[in-house]
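Right, one structure below, let's go through it.
Just so we're clear, the structure is a prediction, and the values are computed from it rather than from any experiment. What you see below is based on every heavy atom in this structure, not just the backbone, and it leaves out hydrogens, waters and symmetry mates.
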Amino acid sequence: MEMKCVMVIDADLPAGLIANTAAVLALTLRKEIEGIIGPTVKDGSGHPHAGITTIPIPILKGNSQKIKELRNKLYAEEFSDLLVVDFTNAAQTTKSYEEY
């Protein structure tokens, strides 16, 4: 099965929050998609390198309104083979998972 992935992140966020959003989304993808991370490999000197993603993940920019529209469209239609991961403002501004 061919798998494609894209992240759409609010370009109006500060750089630190954009990086944090991408990291959180990537960690969630790792949890949800079996085999998205390849095995550890060794370089020519025998040094190990931890596995990285096996698929490209382009990061696209949008604004909060466009992202809300996209999310609403994805949830309004039946996409049985589509994984949607969102990282809301509420999730980004809480200090613990319990608070979220």
- Message: Tell me if a side-chain donor or acceptor on Thr54 pairs with a main-chain N or O of Ile37 at a distance below 3.5 Å.
- Response: no
- When every non-hydrogen atom of Val8 is compared with those of Lys61, the smallest separation belongs to CG1-C, 4.5 Å
- Task: Provide the closest heavy-atom pair for Ala22 versus Ile59 in the form atom of the first, atom of the second, distance.
- Result: CB-CD1, 4.1 Å
- Item | Interatomic spacing from CD1 in Ile52 to CD1 in Ile36 - rounded to 0.5 Å | 11.5 Å
- Tell me, do Phe87 and Ile9 make a side-chain contact under 4.5 Å, heavy atoms counted? no
- Got a sec: does the CD of Glu34 have more than 12 other heavy atoms crowding it under 6.0 Å? no
- Query: Just by distance, do the side chain of Asn72 and the backbone of Lys68 share a donor-acceptor pair under 3.5 Å?
  - Reply: yes
- Going hydrophobic residue to hydrophobic residue with side-chain gaps under 4.5 angstrom, can you get from Leu82 over to Leu70? yes
- Determine whether Gln92 and Leu13 make a side-chain contact, defined as any pair of heavy atoms from C-beta on separated by less than 4.5 Å. yes
- Query: About how many Å separate SG of Cys5 and CD1 of Ile33, when rounded to the nearest 0.5 Å?
  - Reply: 6.0 Å
- Query: Which distance, rounded to the nearest 0.5 Å, do you find between the CG of Leu17 and the OG1 of Thr93?
  - Reply: 10.0 Å
- Query: In terms of hydrophobic clusters joined by side-chain contacts under 4.5 Å, are Ile55 and Val85 together?
  - Reply: yes
- Message: For Asp86, give me all partners under side chain to side chain donor-acceptor pair (under 3.5 Å), at least two apart in sequence or on another chain.
- Response: Arg71
- Message: Taking the side chain as everything from C-beta on, heavy atoms only, tell me whether Leu29 gets closer than 4.5 Å to Leu83.
- Response: yes
- Query: CD1 of Ile67 to OG1 of Thr88: how many Å apart, nearest 0.5 Å?
  - Reply: 12.0 Å
- Separation of Lys66 NZ from Asp10 CG (nearest 0.5 Å): 13.0 Å
